[in-house]
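Here the structure comes first, spelled out in structure tokens, and everything after it is commentary.
First the proteins, then the strands, lettered A, B, ... as listed; each starts at 1.
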2 protein chains.
Amino acid sequence: MKNNTNKRIGIKDIAARAGVSIGTVDRVLHNRGEVKEATRNKVLEIVQELDYTPNIFAKSLSSKHTTKLAIVIPDSSDNNPYWEKPVSGIKLAAEELTHYNTEILYEHFDASDRNAFKNVLHKVCDQNPDGIVLNPVFKDISLEFIQEFDKRAIPYVFIDINLREVNNLAYYGQDAEQSGWVAARLMEASTPKFPNLLIVKQSKWKVFSSHIERRIEGFTRYFTEQQKVINTTTIEIDLNASNEPYESLNKVFDQNISYHGIFVPNSRGFKLANFLKTKGLNNIITIGYDLIDSNIDFLQQGYLTYLISQKPELQAYKAIWALFDHLVTKKPIRKTNYSAIDIIIKENIKYYLENK
Amino acid sequence: MKNNTNKRIGIKDIAARAGVSIGTVDRVLHNRGEVKEATRNKVLEIVQELDYTPNIFAKSLSSKHTTKLAIVIPDSSDNNPYWEKPVSGIKLAAEELTHYNTEILYEHFDASDRNAFKNVLHKVCDQNPDGIVLNPVFKDISLEFIQEFDKRAIPYVFIDINLREVNNLAYYGQDAEQSGWVAARLMEASTPKFPNLLIVKQSKWKVFSSHIERRIEGFTRYFTEQQKVINTTTIEIDLNASNEPYESLNKVFDQNISYHGIFVPNSRGFKLANFLKTKGLNNIITIGYDLIDSNIDFLQQGYLTYLISQKPELQAYKAIWALFDHLVTKKPIRKTNYSAIDIIIKENIKYYLENK
DNA sequence: TCATTTATCGTGTACGTTAACGAAAAGCAA
DNA sequence: TTGCTTTTCGTTAACGTACACGATAAATGA
């Protein structure tokens, strides 16, 4: 933004316009008090009017304060490698931000362990960061700490899971229901009329799988709203167990129903695909989630037909930058940020991998 | 880079160590001459030893040199509004970069006029920019000017069209052939076996439509490589004419062939969709390119089934930042940057529009 | 009333770099 | 030697912001 002339405006322009010194403008901009309400308002008015944005080069040069941003997300495992992705986004952001006196504290925890989550949050609190990126898997514990964040006025950004009715700076993640809807749309286009469909759910993963339930809701809602008749079977399998879920799947496939399509509303589609491969079933339309390595592998082999991706590395990356923009450059941040629902097939996956 | 202590070293540290003033160090670092050979060597030696890297904040703050970046792309028209998109990316980048002494010269030309292209490039040369973003529609003319750029050591970045075997800093754009391949893949999934397919080409647009030809190549290559039998008709229509291409299309549709799918390998899918709408044909799978407003409109109405997008606003945005990073912050730049091939349907378009 | 506190504001220096300006040193001719 | 030019170098004022410090004015207390 420029004003009428071609010169960028700085605090000294504001000072001149407001008839005060740059010291006063600085106090107003940083809420450091010691300014009369009237002058404060006048300065703020002119800041608005001239659409002032600070020069972060000068700021970074001058300031000796390094802003600390904390990231709290689950660690990745062989059974759920999803969280590897955000880490690469974090690394990229961290690299870009070292220039700007910003330090990133990356903390992770076992996603099935409530205590681990609590401990990590305690640790983060002790480090007193300037901002927090959080994947709030356990709602009750999260809310507890959020109270503390609010008290200390530490901004926090959610990724992947959104909590309503709290004062988070932003949310970066998917619109779960709509992504299920998209999956159904693709399923319909690739299967015959009156198809037999199978939905493979994860059992024992109840606490934080609300967004997975919503994917399934979106999936089934599509067919009912479009008044398309389908035959759906839903099975629950412990996909996080380290042994392969062959027995459970065998039971389903032994019942002499030939499925036209299978929907796996979580990132463990590769487990199903592996089963299909051993069975030699490569003519079933399968839809899974997330570009993790094993999924990509089976997509390229043809045992997964579609993957729906939400660019998790971008989510973490954007979340960090949101905090930075809020804290340093004072840019306004949009609260709800749904990621694009990417449709990945064998033919376009290459480009998604290349764009980091 | 830090030295053994924890403090960043600057030119004043070098000056102290070399027993000279910072002015001298500066002259050495910038090859501004007026320094005795002996002292020059001593300074360079210490620069090496202390592993000095300049503070780009201070540099940018202090320097009164504004880097000029030129953008040369076709102008958009009602018949080809594609190039509106990059402009919004340019505007965003321009806004973000005004902070950093960077000025953006936006030059556009009539994409059907060789002379216009030449004139614009001449103009750009005269302005002697520090970097150039170019859509090299006319290969021969482009190569001519590229020689000049190379001679002047001006870095240039291509968008949307890539030229091989030249020394460009980077390329941001699609892999045209692969995007046609993706289109074919979608077409196959949504149409019956042995489908009747129609390809709607743009006539009289030959010189710079190599990437459109490559889309078609990719499209047809898919079916041959998969050994799928299709029946393809290709028609050429002047989609850039301001009158609607009804006559030509009528001729094709009067021949009593019922088409299952139509592929429009350019951004003018909306013209076809409009025809289908007046004819009341909404059961044909249609695949077009680019998220321009009229295409979005017909996608939502159901007369376009799939759109393939390449996020052109991101291309221009990234191209500009590549130049900035190269020139100012000295970051290494990756040369070839294919954009993701986005598959857009009615159900997920919302999220693409929201992400700028 | 005057002294003292308190609220409010301006000044000055620093951050690391650029570049103009002028000073000192060296070279050169007489 | 003197006077002059040329080479070589140091000093200093910016760039836009942060923040300590000191200054001023207003409010309070006696």
* Asked: So which of B/N101, B/D130, B/T102 actually passes side chain to side chain donor-acceptor pair (under 3.5 Å) with B/T67?
  ->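 Per the side chain to side chain donor-acceptor pair (under 3.5 Å) rule, the option paired with B/T67 is B/T102, out of B/N101, B/D130, B/T102.
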
* **DNA chain D: 5'-proximal contact among B/V35 and B/L61 (nearest heavy atom)** =>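 Residue closer to the 5' terminus by nearest nucleotide: B/V35.
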
* Does OP1 or OP2 of C/dC9 have a side-chain N or O of A/T39 closer than 4.0 Å? ->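 So the side chain of A/T39 is within the cut-off, an N or O lying under 4.0 Å from OP1 or OP2 of C/dC9.
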
* Side-chain N or O of A/T24 less than 4.0 angstrom from OP1 or OP2 on C/dT8? ->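 Checking C/dT8 against A/T24, no side-chain N or O comes under 4.0 Å of OP1 or OP2.
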
Around [X], counting heavy atoms of other residues, nucleotides and ligands shown, do more than 12 lie under 6.0 Å from its [atom1]?
X	atom1	result
A/K335	NZ	yes
A/Q127	CD	yes
B/Q147	CD	no
B/K85	NZ	yes
A/K59	NZ	yes

Please give, in whole Å, the distance from [N] [atom2] to [X] [atom1]?
X	N	atom1	atom2	result
B/D13	C/dG16	CG	P	8 Å
B/N41	D/dC9	CG	P	12 Å
B/R40	D/dC9	CZ	P	12 Å
A/I56	D/dG16	CD1	C1'	12 Å
A/E37	C/dC9	CD	P	11 Å
B/N55	D/dT17	CG	P	16 Å

* Asked: Is a salt bridge present between A/K151 and A/E148, judged by a nitrogen-to-oxygen distance below 4.0 Å?
  ->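 So A/K151 pairs with A/E148 through a salt bridge.
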
Can you name the atoms? Protein N/O to nucleotides 25-27 of chain C N/O, anything below 3.5 Å, with the distance.
none

Between [X] and [Y], what is the ring plane arrangement, given parallel below 30°, perpendicular above 60°, and tilted in between?
X	Y	result
B/H122	B/F145	perpendicular
A/Y338	A/Y171	perpendicular
B/W321	B/F324	perpendicular

* Asked: Is the shortest heavy-atom distance from the side chain of A/L50 to the side chain of A/R17 under 4.5 Å?
  ->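 Yes, their side chains come closer than 4.5 Å.
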
* Degree of bending, the helix from C/dT1-D/dA30 to C/dA30-D/dT1 (end axes from five pairs; round to 10°) ->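 Comparing the axis at each end, I get an angle of 70°.
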
Tabulate protein N/O versus nucleotide N/O from nucleotides 18-26 of chain D, keeping only pairs under 3.5 Å, one per line.
from   : atom 1 : to    : atom 2 : distance (Å)
D/dA18 : OP1    : A/H30 : NE2    : 2.9
D/dA18 : OP2    : A/D26 : OD1    : 2.9
D/dA18 : OP2    : A/H30 : NE2    : 3.3
D/dA18 : O4'    : A/S62 : OG     : 2.6

